[in-house]
Amino acid sequence: MVNVEIVCEPRLEEDKTTVLVVEDEIIIRLMIADTLRAQGITVIEASNGDEALRVLQSSLPVQLLFTDIRMPSELDGLALAQAARAARPGLKLIVASSQPAGHEVAGLADAFFAKPFDLEAVVRRVKSLLAEAHHARDRR
Amino acid sequence: MREIDAEPPKVAGTILVVEDEVLIRLVIAEYLRDCGYRVFEAAHADEALLVLRQSERPIDVVFTDVEMPGSMDGFALAQWVRANRVGTDVILAGSVARAVQAASDLCDQQNSVPKPYDPQTVHDRIRRLLASRGPLKRDLQSAQQQSRSLDGPPS
């Protein structure tokens, strides 16, 4: 009998559908992350802008950033989004806030959701943006 | 990706991972998910308490770092759990090596799913991620300057 050892790598190494969710309210973050994972999407959770920056500075693949704007960290969601856009040009970006979207958000984000948002609508938008990112990568 | 109406995967337990270093937390959490557990993540003890106080989210195991910022460290969190959540186990992991070993032991207890990859892979991955630094700092400085120049407070 031949023993065949199948060596698996962590999914995050190869995953092409990873979403970084940045939200300081844990119950909201948990609901978003849990819902996206139930759709088979890999989710990285960050509790504030500084944690998200650590993730984006690393070699981890991220296709979409979902971030709240107001967060009690050195880096708010807007500065994080601007930095992420500059560093990762193909990154899809969704911004959420309890305040109306300002002009700076409208010019930066692929989508905006006012809080409280419809989680199903967020999931639909995440999936459509991931599909766009996937097609754009295939064309290259 | 699974279809939107797909059944959620069946899991044999729920673990709350409490760790303030995001790059360690995400790797440990992902490993435990790959082992078949449902995993919640908290960045510090105060977040963990918010999850634990929600009775509709039963937690089987609290997997926590010892040293954490905030009002409580891992020891204090463990004491709170033992006093207020009888039946919830607590695993205290004071180092990356111990965290990986504890996660591997939990994986061994999961009978329905084989261990997805070697714990050494988990350890190597954490070390690699902690060492990695991209070009984002320059972009961040630029973004922060732009953010400061924007009119009005952030929403």
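Values in this document were obtained by computation on a predicted structure and should not be read as measured data.
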**Message:** Let me confirm one number: the CD1-CD distance from A:I44 to B:E30, rounded to the nearest 0.5 Å.
**Reply:** 8.0 Å
**Request:** Could you look at A:R85 and say if it's the side chain, the backbone, both or neither that has a heavy atom under 4.5 Å from chain B?
**Result:** neither
**Item:** chain B contact via A:N48 - side chain, backbone, both or neither, heavy atoms under 4.5 Å
**Value:** neither
**Request:** Working to the nearest 0.5 Å, report the span between CD of A:E51 and CG of B:D20.
**Result:** 8.0 Å
**Prompt:** Can you name the residues of residues 39-49 of chain B that have some heavy atom under 4.5 Å away from a heavy atom in chain A?
**Reply:** B:V39, B:F40, B:E41, B:A42, B:A43, B:E47
**Message:** Sub-4.5 Å heavy-atom contacts with chain A: which residues of residues 62-70 of chain B show up?
**Reply:** none
**Request:** Kindly give the heavy-atom pair with the smallest separation between B:V51 and A:I26, and that separation in Å.
**Result:** CG2-CD1, 3.5 Å
**Prompt:** Is there a path of hydrophobic side-chain contacts, each under 4.5 Å between heavy atoms of I, L, V, M, F, W or Y residues, that connects A:I27 with B:V17?
**Reply:** no
**Prompt:** How many angstroms lie between CG in A:L60 and CG in B:L129, if you round to the nearest 0.5 Å?
**Reply:** 4.5 Å
**Message:** Measuring from atom CG of B:L26 to atom OG1 of A:T18, what distance do you get when rounded to the nearest 0.5 angstrom?
**Reply:** 10.0 Å
**Item:** Non-neighbouring partners of A:F117 that pass ring-ring contact (aromatic ring centres under 6.0 Å, His included), sequence neighbours left out
**Value:** A:F66
**Request:** Determine whether A:L30 and B:L32 fall in the same hydrophobic cluster, where Ile, Leu, Val, Met, Phe, Trp and Tyr are linked whenever their side-chain heavy atoms lie under 4.5 Å apart.
**Result:** no
**Prompt:** Does B:R25 come within less than 4.0 Å of A:E45, counting only side-chain N to carboxylate O?
**Reply:** no
**Message:** Non-hydrogen contacts under 4.5 angstrom with chain A: give the residues of residues 84-93 of chain B involved, or none if there are none.
**Reply:** none
**Request:** Decide side-chain contact (heavy atoms from CB on, under 4.5 Å) for A:R54 and B:L130; before the verdict, give the C-alpha distance in whole Å, the side-chain angles of both, and the deciding distance to 0.1 Å.
**Result:** CA-CA 9 Å; A:R54 294 270 291 154; B:L130 289 174; 3.7 Å; yes
